[in-house]
Amino acid sequence: MMNEAEKTVSLSAKAIDELPMPERIGRLRDAMLAEPRFVSIEQARIVTRVYQEHEGEPRILVRAQALAAALREMAIRVTPGELIVGNRTAGVRAGVVFPESGSRWVDREFEDLPTRPQDRFQVHEEDIREFRDEILPYWEGRSLEDVLRSRAGKEVDAIARVVKINQKDHAQGHICPDCRRWLAKGPAGLRAEAEEKAAQATGDAKKFYEAVAIVMEGVQAFMRRYAGRLRTMAKAETESTREELLECARICTALAERPAESFHEAVQALWFLFVVLQMESNASSFSPGRLDEILAPYYARSREAGMTQAQALEILECLWLKFNQIVYLRNRGSAKYFAGFPIGFNVAVGGVDAAGDDYVNDVSFLCLQAQAHLGLPQPNLSVRLHPKTGDDLLKKAIRVVAKGSGMPQFFNDKAVIPAFEELGFGTQEARDYAIVGCVELTTQGNNLGWSDAAMFNLCKALELALNSGRDLITGEQVSPDFGNLAAYETFADVEQALAKEIDFFMERMIAACAEVERAHIELLPTPFLSSVIDGCMEKGVDVTAGGAEHNLSGIQMIQVANLADSLAALKALVYDEKIVPRGTFLDALRKNYEGYELLRTRIQSKVPKYGNDVDWVDALGVQWARYFRKAISKYRNYRGGPFHTGMYTVSAHVPMGANVGASPDGRKSGQPLADGGMSPVYGRDIDGPTAVLKSVSKLDKELTTNGGLLNMKFLPEFFATETGVDKFAQFLRTFVDLEIPHIQFNVVRREDLLDAKAHPENHRSLTVRVAGYTAYFTELAEDLQDEIIARTSYAGV
């Protein structure tokens with residue numbers, strides 16, 4: 001029996017579910033998707049000039065002046081019909097060249113950007129010439145990329161086969177700003193606060209506050225410029241359109257002077273926040289956090305003033321479109337690891353409130369309805385589940401998933417909150433957790449989690465442990481010779497060698513991460529971001545230098561499924577059953593199983609695999625994830641905070657697999673590793689989805705405080721009936737009960753993916769879940785398309 005509050009939620013959810021997509025939204029979406037992507041050097045031109053004009057001044061003040069100049073000078077555009085305005089370039093989905101962080105790779109790859117395998121951009125020939133003649137010469141030896149190359153390039157290269165060090169050629173993102181602070185103060189309030197503190201501060205703190213004030217003045221000018229553009233456009237329009245444009249202009253003017261008051265103002269203010277964050281850092285994964293909670297008071301106020309649910313949905317869907325107008329230009333190598341433009345605007349709804357009770361409101365359902373209507377890759381929509389999540393939210397989310405956009409993904413409060421408390425966060429902070437980027441977990445507004453610090457290839461470490469530290473692909477000596485499989489008399493010897501390899505590369509990885517952080521502090525302070533991260537304004541310390549209340553670094557363990565399957569094969573066939581001699585197995589690996597087809601068949605068909613609820617196999621994965629987590633917990637990052645671990649790959653399982661020779665699980669040299677992070681190797685999870693959940697649940701939730709990722713694929717037919725939806729709801733409640741932190745779904749037919757690969761022109765809008773994010777299938781490189789097609793599909797639970 002529902003209480004009155006639950007009845008109200010249910011009635012409101014039903015009304016929102018019946019709202020159609022506004023006509024303007026379809027028109028704006030089609031126009032956006034039809035616009036080609038170009039590289040933009042406009043901000044690079046402005047930034048370079050400002051650096052030249054302020055040569056020798058403190059870096060934080062120069063960066064503030066450069067951002068303020070870009071806010072005042074960058075070309076702006078308003079598309080007719082949009083209710084939320086603003087972008088970091090006049091064109092949509094532009095690839096912004098950001099010379100402060102990296103310019104040398106742009107020089108190497110500029111001409112290839114239109115034709116490279118992944119994440120293509122068109123280029124203007126005159127931009128290439130200007131970049132090389134006017135911009136590049138100034139930044140040689142000065143950019144983050146060049147400085148890190150000179151300081152740590154040899155060491156980063158030396159460990160690259162096992163460890164991918166990130167953040168080497170772009171500024172730090174992967175953070176959830178304090179959106180409540182931004183909405184409560186606005187740029188005018190933050191500027192006044194900074195000016196007041198600057199008057200009383202000295203030294204570096206004074207420079208920090210002065211930089212914040214400079215930036216906020218630029219943000220106010222940026223907002224006013226949009227107001228002016230809207231008023232100019234209004235002069236040429238009919239009365240109804242003119243009133244709409246003037247209202248948008250009024251909102252922009254107001255936001256430059258005071259905090260947001262209405263729902264429309266709050267949504268516009270939030271979008272300005274994320275546009276400016278992108279202009280300051282040109283990084284991925286700036287995320288709004290719990291949008292239903294953040295917008296709730298503004299929504300309630302506007303509803304009381306007469307705003308309808310339909311009007312609120314139209315405003316929110318305009319925001320959804322804006323989230324898709326910013327992409328990130330990566331170098332060729334990084335595009336393989338982060339394929340399909342995963343910019344990472346993660347929006348979370350649902351979950352528990354500060355008291356631990358169920359939290360849901362109209363905005364929760366409006367967010368889901370916007371995703372149902374648009375089905376676009378951004379924002380990365382997440383639903384937080386817990387034992388008391390109501391059926392209305394759960395089943396609405398399932399019906400949106402069934403539409404095939406790969407969203408929403410689901411997070412489990414029952415797993416995440418206690419894991420965060422174990423990590424050291426307070427209960428209130430833990431209950432208010434959000435997600436940044438793909439699946440990275442964070443507290444809201446007070447935490448630089450540096451969640452994308454590095455990826456550690458456990459499968460390559462095992463390869464080196466089995467082959468005397470030599471790369472199976474190149475034959476090069478990559479690590480010390482701790483022995484090889486032929487010499488290991490016991491399985492314990494194998495494990496000891498693997499531990500030595502992990503320890504060897506971990507120590508060097510930590511040193512490389514410290515060099516990256518040190519360079520960010522020196523070269524890329526971020527006063528605007530710092531103004532919306534709790535602790536920075538209070539201390540007068542930039543977020544890159546440790547100003548946030550929490551300072552973590554996250555390392556991804558890749559890939560536990562392959563590692564468990566490989567160790568299981570060695571344990572069973574070589575050491576327990578003694579069917580295969582040690583030297584024979586090593587020879588098979590060195591020869592990529594050529595001439596050893598029967599052995600490979602035995603491995604694939606006879607040895608149990610992770611993902612099928614086989615305790616002893618699953619335990620191998622748990623054992624080594626625990627080992628890694630315990631080993632890394634001994635270290636502190638450059639800001640003085642702890643390292644912690646995650647299990648997600650983005651799209652790195654493909655290029656990292658290309659770097660791993662034949663593995664003992666029967667995988668041939670160069671083939672992809674398991675997708676996701678906690679997911680089984682595709683095709684090996686033969687006992688169904690519930691067995692997968694049981695295997696994954698054995699991984700301690702503390703192992704994935706930096707984020708864990710479980711990928712699954714279901715056929716669309718399963719969701720065609722209410723019975724199917726009910727069964728899937730129970731499946732998700734089992735996921736909650738088993739305390740698994742994350743799960744996400746592709747709902748698509750293999751045949752449709754094959755046709756999209758063969759005829760991309762007919763499937764431009766087809767989106768799929770890659771690994772923690774959604775991308776257009778036809779924009780993915782062929783090897784990643786093949787990996788997604790090969791994933792196991794389930795017809796039911």
Side-chain angles (χ1 to χ4, degrees), residues 32 35-51 63 66-77 86-114 116 118-124 126-128 130-132 134-136 138-139 142-145 167-174 215 218-219 222 271-286 322-332 334-335 338 340-345 377-378 437 523-524 526 528-529 779:
M32 176 186 73
E35 188 168 330
R37 288 188 304 272
F38 275 89
V39 171
S40 171
I41 67 165
E42 184 182 13
Q43 188 171 352
R45 180 189 304 125
I46 295 169
V47 167
T48 302
R49 187 199 76 224
V50 172
Y51 266 75
R63 288 210 80 218
L67 176 57
L71 290 164
R72 289 191 296 265
E73 299 174 26
M74 291 281 292
I76 62 173
R77 185 181 90 184
N87 205 336
R88 62 176 180 171
T89 58
V92 301
R93 304 184 80 204
V96 173
V97 173
F98 204 75
E100 292 170 279
S101 54
S103 53
R104 193 175 299 276
W105 76 262
V106 179
D107 181 43
R108 291 193 304 267
E109 300 182 21
F110 223 141
E111 284 86 355
D112 296 332
L113 289 172
R116 67 183 186 177
Q118 186 63 64
D119 294 2
R120 297 170 181 171
F121 291 87
Q122 301 302 310
V123 299
H124 295 292
E126 59 270 25
D127 285 349
I128 298 176
E130 182 182 353
F131 173 78
R132 289 190 173 135
E134 305 295 335
I135 297 171
L136 179 64
Y138 178 81
W139 292 102
R142 300 171 187 256
S143 70
L144 176 72
E145 177 189 21
Q167 317 298 344
K168 302 188 301 295
D169 61 7
H170 59 86
Q172 176 58 231
H174 292 86
V215 167
V219 174
F222 190 60
W271 181 241
F272 274 135
L273 168 65
F274 286 96
V275 169
V276 179
L277 286 171
Q278 287 291 337
M279 291 178 70
E280 180 179 54
S281 292
N282 189 43
S284 61
S285 304
F286 290 109
K322 300 305 284 189
F323 281 132
N324 287 273
Q325 291 183 8
I326 291 179
V327 298
Y328 178 52
L329 173 64
R330 300 180 185 272
N331 66 49
R332 182 187 181 102
S334 289
F338 305 92
F341 308 105
I343 192 67
F345 293 115
Q378 295 296 326
L523 303 176
L524 295 175
T526 52
F528 181 73
L529 171 61
E779 290 186 349

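When reading the values below, keep in mind they use all heavy atoms of this one structure, side chains included, and skip hydrogens, waters and symmetry mates.
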Main-chain N/O of [Y] paired with [X] side-chain donor or acceptor, under 3.5 Å:
X    : Y    : value
K322 : G86  : yes
Q278 : A283 : yes
Q118 : E779 : yes
Q43  : M279 : yes
E145 : S103 : yes
R37  : R120 : yes
E42  : A75  : yes
Q378 : F345 : yes

*Is any side-chain N of the basic residue among E35 and R93 closer than 4.0 Å to the acidic one's carboxylate O?*
no
Minimum heavy-atom separation for [X] and [Y], please, with both atom names.
X    : Y    : value
A94  : S40  : CB-CB, 4.3 Å
W139 : T48  : NE1-OG1, 2.9 Å
N324 : M32  : CB-CE, 3.8 Å
D119 : A335 : OD2-CB, 4.0 Å
I46  : A69  : CG2-CB, 3.8 Å
A66  : Y51  : CB-CE1, 4.3 Å

[atom2] on [Y] to [atom1] on [X], rounded to 0.5 Å:
X    : Y    : atom1 : atom2 : answer
L136 : I128 : CG    : CD1   : 12.5 Å
Q167 : S334 : CD    : OG    : 9.5 Å
R330 : S284 : CZ    : OG    : 4.5 Å
I326 : T89  : CD1   : OG1   : 7.5 Å
F222 : L67  : CZ    : CG    : 9.5 Å
N87  : I76  : CG    : CD1   : 11.0 Å

*Is there side-chain contact between F528 and L273, with heavy atoms separated by less than 4.5 Å?*
yes
_Any non-hydrogen side-chain atom of L71 less than 4.5 Å from a side-chain atom of V219?_
yes
_Intermediate values then yes/no, salt bridge (charged side-chain N to carboxylate O under 4.0 Å, His left out), R63 and E100_ = CA-CA 9 Å; R63 288 210 80 218; E100 292 170 279; 2.8 Å; yes
_Determine whether V96 and L329 satisfy the following criterion, side-chain contact (heavy atoms from CB on, under 4.5 Å), listing intermediate values before the conclusion._
CA-CA 6 Å; V96 173; L329 173 64; over 6 Å; no
*Could you list the residues that satisfy ring-ring contact (aromatic ring centres under 6.0 Å, His included) with F98, not counting sequence neighbours?*
none
*Which of parallel (below 30°), tilted (30 to 60°) and perpendicular (above 60°) describes W271 and F323?*
perpendicular
*Just do the side-chain contact (heavy atoms from CB on, under 4.5 Å) check on F131 and I135 with the steps written out, would you?*
CA-CA 5 Å; F131 173 78; I135 297 171; 4.0 Å; yes
*Assess whether salt bridge (charged side-chain N to carboxylate O under 4.0 Å, His left out) is satisfied between E109 and R116, documenting all intermediate values.*
CA-CA 9 Å; E109 300 182 21; R116 67 183 186 177; 3.6 Å; yes
_Can you list everything that forms a salt bridge (Lys or Arg N to Asp or Glu O under 4.0 Å) with D107? Sequence neighbours excluded, please._
R132
*Less than 6.0 Å separating the ring centroids of F38 and F121?*
no
*Would you check if the distance from the ring center of H170 to the ring center of Y328 is below 6.0 Å?*
yes
*Evaluation steps, side-chain contact (heavy atoms from CB on, under 4.5 Å), between T526 and S281*: CA-CA 7 Å; T526 52; S281 292; 3.5 Å; yes
_Let's go through R49 and E73 carefully: what are the C-alpha distance in whole Å and the side-chain angles of both, what is the deciding distance for salt bridge (charged side-chain N to carboxylate O under 4.0 Å, His left out) to 0.1 Å, and is it a yes or a no?_
CA-CA 12 Å; R49 187 199 76 224; E73 299 174 26; 2.8 Å; yes
_If you apply the rule side-chain contact (heavy atoms from CB on, under 4.5 Å), what do you find for I343 with V327, and how did you get there?_
CA-CA 6 Å; I343 192 67; V327 298; 5.7 Å; no
_Which residue is it: E134, M74, E130? I am looking for the one with a side-chain contact (heavy atoms from CB on, under 4.5 Å) to R45._
E130
